[in-house]
Amino acid sequence: MILVTGGAGFIGANFVLDWLAQVDEAVVNIDKLTYAGNLETLASLKGNPQHIFVQGDIGDSALVDRLLAEHQPRAVLNFAAESHVDRSIHGPEDFIQTNVLGTFRLLESVRGYWNGLPADRKAAFRFLHVSTDEVYGSLAPTDPAFTEENKYEPNSPYSASKAASDHLVRAWHHTYGLPVLTTNCSNNYGPFHFPEKLIPLMIVNALAGKPLPVYGDGMQVRDWLYVKDHCSAIRRVLEAGKLGETYNVGGWNEKPNIEIVNTVCALLDELRPRADGRSYREQISYVTDRPGHDRRYAIDARKLERELGWKPAETFDSGIRKTVEWYLDHAEWVRNVQSGAYRDWVRKQYEAGA
Ligand code: NAD
Ligand code: TYD
């Protein structure tokens, strides 16, 4: 049994779906179901006894203590977070509540549970914290990619809150001996991505005939990793990572935003041409830049490859094509997110006694 937090969000849900497809071990999934949590994403697991979903907050110590005591997991994987930079700029409070205070409370619950385990299970236990490359700050064009040795220099309320959570995890290892692992990953993309982030927003806006808002000059650089590759990296780190270590996860796919948007437009031009025969590129609209916008992120993932033998399976070309095709094939999932109907999945799920 493993316990996953935030498993109704983009990466957490992809992780739970992949885990249950590949590993014969049950998952307790605790998720608060904020706007980013979507039980419809987990619809294929309905009735699966290997998936126990609990709506709840990682900061609710009484609930988390009870779940740990009841299910006796061998590992806790912390995906739960407020994750969108733009939202963190407009309203940082939730980011501090969940990413900082929530992680602190979760660590305390896990420490209490771990301390009570018999010696063999205590030694085998793992707390894996899922974090971001944004904690390292912004790179100049000629800087080498982030390694695990880079200084933490977070610039947005989101990255500062994630940096704080990483430091707490580190301190709980050094001070209390909690067996922790941390992964710092670059920008993910793929199925079930909430359409407020760059790639899914561009796909759904393009199809809806809306403008494609590119911040500033569109020359900000991100490294992109297909979400399933992030999930495989997390499984590998959980299995073989060295306690107390951090692992950078990335796709070796540095690209300026405008190139990403142009690629999405070209794929849509091919797969779902506009009725008027013109390119989706005509919908691109340059808008005011994000305040404090980090110019460049790049990940050096060689430690993970060298020490644990992990490599991404997808190239950017194969991953972005799969992603665009997924959105074209899942119009109802998108419609339910846009209309807000996905929120009803909570009620339906409980009414069905799941
Ligand atoms: P997401 O916003 O799609 O999902 C977050 C999930 O956490 C949601 O289901 C939400 O309901 C849940 N949640 C929020 N607050 C909670 C709380 N207090 N208690 C319990 N559940 C709560 O985010 P994501 O993109 O899936 O990111 C998952 C993790 O990976 C985050 O920790 C994020 O910082 C990290 N990360 C994301 C990316 C990326 O590109 N998306 C890259 C690197 C790291
Ligand atoms: P985003 O998907 O929000 O991820 P992050 O800010 O965590 O990297 O944004 C990715 C990049 O795309 C980032 O440089 C901001 C930019 N961006 C736009 O240009 N337009 C948009 O509408 C969005 C959401 C993002």
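As the structure lists them, so they are numbered: ligands from 1, and atoms in each ligand from 1.
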Hey, is [atom1] on [X] packed in by over 12 heavy atoms from elsewhere, all under 6.0 Å?
| X | atom1 | value |
| --- | --- | --- |
| D24 | CG | no |
| R295 | CZ | yes |
| R170 | CZ | no |
| R278 | CZ | no |
| K242 | NZ | no |
| E70 | CD | yes |

If we count only N and O atoms by modelled type, under 3.5 Å, do the side chains of [X] and [Y] hold a donor and an acceptor together?
| X | Y | value |
| --- | --- | --- |
| Y35 | E196 | yes |
| Q72 | R121 | yes |
| N253 | D223 | no |
| K162 | S83 | no |

Regarding ligand 1, does [X] bring an N or O atom to under 3.5 Å of one of the ligand's N or O atoms?
| X | value |
| --- | --- |
| H193 | no |
| E82 | no |
| I58 | yes |
| T34 | yes |
| I30 | no |
| N188 | yes |
| K162 | yes |
| A80 | no |

Could you go through ligand 2 and list every pair where one of its N or O atoms sits under 3.5 Å from a protein N or O, giving the atom names and the distance to one decimal?
{"unit_1": "ligand 2", "atom_1": "2 (O)", "unit_2": "L198", "atom_2": "N", "d": "2.9"}
{"unit_1": "ligand 2", "atom_1": "3 (O)", "unit_2": "R290", "atom_2": "NH2", "d": "3.1"}
{"unit_1": "ligand 2", "atom_1": "4 (O)", "unit_2": "N187", "atom_2": "ND2", "d": "3.4"}
{"unit_1": "ligand 2", "atom_1": "6 (O)", "unit_2": "R290", "atom_2": "NH1", "d": "2.6"}
{"unit_1": "ligand 2", "atom_1": "6 (O)", "unit_2": "R290", "atom_2": "NH2", "d": "3.2"}
{"unit_1": "ligand 2", "atom_1": "7 (O)", "unit_2": "E134", "atom_2": "OE2", "d": "2.6"}
{"unit_1": "ligand 2", "atom_1": "8 (O)", "unit_2": "N187", "atom_2": "ND2", "d": "2.9"}
{"unit_1": "ligand 2", "atom_1": "8 (O)", "unit_2": "R222", "atom_2": "NE", "d": "2.8"}
{"unit_1": "ligand 2", "atom_1": "12 (O)", "unit_2": "N257", "atom_2": "ND2", "d": "3.3"}
{"unit_1": "ligand 2", "atom_1": "14 (O)", "unit_2": "R222", "atom_2": "NH2", "d": "3.1"}
{"unit_1": "ligand 2", "atom_1": "14 (O)", "unit_2": "N257", "atom_2": "ND2", "d": "2.9"}
{"unit_1": "ligand 2", "atom_1": "14 (O)", "unit_2": "H293", "atom_2": "NE2", "d": "2.7"}
{"unit_1": "ligand 2", "atom_1": "19 (O)", "unit_2": "Y215", "atom_2": "N", "d": "2.9"}
{"unit_1": "ligand 2", "atom_1": "20 (N)", "unit_2": "P213", "atom_2": "O", "d": "2.7"}
{"unit_1": "ligand 2", "atom_1": "22 (O)", "unit_2": "P213", "atom_2": "O", "d": "3.3"}

Atoms of ligand 1 less than 4.0 Å from [X] heavy atoms?
| X | result |
| --- | --- |
| S83 | 1 (P), 2 (O), 23 (O) |
| L33 | 11 (O) |
| N187 | 40 (O) |
| G37 | 8 (C), 9 (O), 11 (O) |

Can [X] be said to touch ligand 1, with heavy atoms closer than 4.0 Å?
| X | result |
| --- | --- |
| T5 | no |
| Y35 | no |
| S131 | yes |
| S186 | yes |
| G59 | no |
| F79 | yes |

Notebook entry, point to check: With no hydrogens and no angle check, is any side-chain donor or acceptor of D133 less than 3.5 Å from a backbone partner on I299?
Noted result: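 No, because the side chain of D133 does not come within donor-acceptor range (under 3.5 Å) of the backbone of I299.
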Next item on the list: Please lay out, stage by stage, how D18 and K228 fare under the test salt bridge (charged side-chain N to carboxylate O under 4.0 Å, His left out).
Entry: CA-CA 8 Å; D18 284 6; K228 304 285 182 191; 3.0 Å; yes
On a heavy-atom basis, I'd like to know which of [options] is closest to [atom].
| atom | options | result |
| --- | --- | --- |
| atom 6 (C) of ligand 1 | N14, T132, D31, N38 | D31 |
| atom 5 (C) of ligand 1 | G6, G56, A81 | A81 |
| atom 15 (N) of ligand 1 | I199, T98, V130 | T98 |

Which protein non-hydrogen atom lies closest to [atom], naming both residue and atom, and how far is it?
| atom | answer |
| --- | --- |
| atom 38 (C) of ligand 1 | I11 CD1, 3.5 Å |
| atom 33 (C) of ligand 1 | Y158 OH, 3.5 Å |
| atom 21 (N) of ligand 1 | K32 N, 3.0 Å |
| atom 3 (O) of ligand 1 | F10 N, 3.0 Å |
| atom 4 (O) of ligand 1 | G9 CA, 3.4 Å |
| atom 43 (C) of ligand 1 | C185 O, 3.3 Å |

Notebook entry, point to check: Is the Lys NZ or Arg CZ of K122 less than 6.0 Å from the centre of W114's six-membered ring, within 45° of the axis?
Noted result: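 Verdict for W114: a cation-pi partner in K122.
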Next item on the list: Measure from NZ or CZ of R111 to the centre of the six-membered ring of Y176 and say whether it is under 6.0 Å with the direction within 45° of the ring axis.
Entry: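 Output yes; distance and angle both within limits.
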Note to self: For F15, which part has a heavy atom under 4.0 Å from ligand 1: side chain, backbone, both, or neither?
What the structure shows: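 Under 4.0 Å from ligand 1, F15 contributes no heavy atoms.
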Between [X] and [Y], is the gap from one ring center to the other below 6.0 Å?
| X | Y | result |
| --- | --- | --- |
| H167 | Y152 | yes |
| W333 | Y342 | no |
| F316 | Y189 | yes |

Notebook entry, point to check: Less than 4.0 Å between a side-chain N and a carboxylate O, is that true for E270 and R321?
Noted result: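 Looking at E270 together with R321, the answer is yes, because their closest N to O distance falls below 4.0 Å.
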Next item on the list: Before accepting this row, confirm whether a basic side-chain N of the pair E148/K303 lies closer than 4.0 Å to the acidic partner's carboxylate O.
Entry: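 K303 and E148: not salt-bridged.
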Check: Which residue, W326, F10, F15, forms the ring pair (Phe, Tyr, Trp, His ring centres under 6.0 Å) with F192?
Finding: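 Exactly one option meets the ring pair (Phe, Tyr, Trp, His ring centres under 6.0 Å) with F192, and it is W326.
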